[in-house]
Amino acid sequence: MATQLLLVTLLFLSYTLTNVMGDETGFVGSVDPKSLGLDKKQTVSHFKFYWHDIVSGSNATSATIIPSLPKYNTTTSFGMVSVMDNPLTVGPELGSKLVGRAEGFYSFTSQSQLHLSMVMNFALSEGKYNGSSISILGRYVVNDEVKDMPVIGGTGLFRFATGFAEGRTYYSDPNTGDATTEYDIYVLHY
Ligand SMILES: *[C@@H]1O[C@H](CO)[C@@H](O)[C@H](O)[C@H]1NC(C)=O
Ligand SMILES: *[C@@H]1O[C@H](CO)[C@@H](O)[C@H](O)[C@H]1NC(C)=O
Ligand SMILES: *[C@@H]1O[C@H](CO)[C@@H](O)[C@H](O)[C@H]1NC(C)=O
C-alpha cells in the first residue's frame, strides 16, 4: 500500500516536473489546453464587409512603396509592393459604418499573370471583436471571380483561428486604380 502510494506520488511529481521544466532544452513544456480555453466548443463565424483600396487622391489609404521591376513583363507589375491601411465597412459605400481596418501589404508576384500575394491583418473595432484581428496570407488571382485566401490565424478572440476568405470585386475604377472588394470570411475559432 505504502509502495503504491509512493509510486503514485513519484509519478505525479515527475509529471508535474515535466510540465514545468519541459524537455532537456529547458525552454519548452506542455500546458493544459484548458488553460488556453481550448476545451470550449469551436464556432464558425461568417464576417462580411467591404474593403476599400483607395490609391488616388489626397485621402489614399494604400500606397506603392516599391515600383514594379521594369525589366519584367510590365503588364503584370511584377515586383511592385503596396502598403495599406484600408477601411473595412459594413456596406459597400465608403461612408457606411466602419468596422475595422485592413493593415498590411500586397505585392505583384507573378511574372506572367496578374497575381498578388496578400498579407493582411484585419483589425476589427466593433463590439466584442474590438481589438481582435484576423490574419490573411494568400494568393490573389485578379481574374478569378472569387479570390480564395486562407485565414492563417489571429489575435484576441481569433487565437488558434483557421479559415478562409473570399474576395469579390464590387467596384474597380481602371482610371484611378481605386477598388472596393466584398469580403466573406469564414473563421473557425474558440
Ligand atoms: C479627404 O478627407 C477629408 C476629411 O474627411 C475631406 O474633407 C476631403 O473632402 C477628402 N478628400 C477627398 C479627395 O476625398
Ligand atoms: C505578360 O502579361 C500578360 C498579362 O497577364 C500576359 O498576357 C502575357 O502573356 C505576359 N507575357 C509574357 C512574355 O509572359
Ligand atoms: C475599441 O477599443 C478602443 C480601445 O479600447 C476604444 O478606444 C474604441 O473606442 C473602441 N471602439 C469601439 C467602436 O467601441
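Here the structure is a predicted model, which is why all the values come from computation and not from measurement. The first residue in the sequence is number 1, and the count goes up from there. Order of appearance sets the numbers: ligands from 1, and atoms from 1 within every ligand.
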Query raised in the report: So which pairs with a foot in residues 152-167 pass side chain to side chain donor-acceptor pair (under 3.5 Å), sequence neighbours left out?
Result: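 Qualifying pairs, neighbours excluded: S133-T155, E166-R168.
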Query - side chain to side chain donor-acceptor pair (under 3.5 Å) contacts touching residues 98-108 (sequence neighbours left out) - result: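 Residue pairs with at least one partner in residues 98-108: D53-Y106, S62-Y106, D85-R101.
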**Report entry** T109 side chain to S117 side chain, donor-acceptor N/O pair below 3.5 angstrom
**Finding:**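 Present: a donor and an acceptor within the cut-off.
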Report task. Can you sort out the partners of F49 under ring-ring contact (aromatic ring centres under 6.0 Å, His included), two or more places apart, ordered by chain and number? Result ->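 In terms of ring-ring contact (aromatic ring centres under 6.0 Å, His included), with neighbours along the sequence ignored, F49 is linked to F122.
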Report task. For the pair K48 and D184, find out whether any cationic side-chain nitrogen is under 4.0 Å from an anionic carboxylate oxygen. Result ->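 Salt bridge: yes.
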Can you pull every nitrogen or oxygen pair between ligand 3 and the protein closer than 3.5 angstrom?
from, atom 1, to, atom 2, distance (Å)
ligand 3, 2 (O), N130, OD1, 3.3
ligand 3, 2 (O), N130, ND2, 2.3
ligand 3, 11 (N), N130, ND2, 2.9
ligand 3, 14 (O), N130, ND2, 3.4

Query raised in the report: Which class fits the ring pair Y186 and H46: parallel under 30°, tilted 30 to 60°, perpendicular over 60°?
Result: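 Because their plane-to-plane angle is under 30°, the rings of Y186 and H46 count as parallel.
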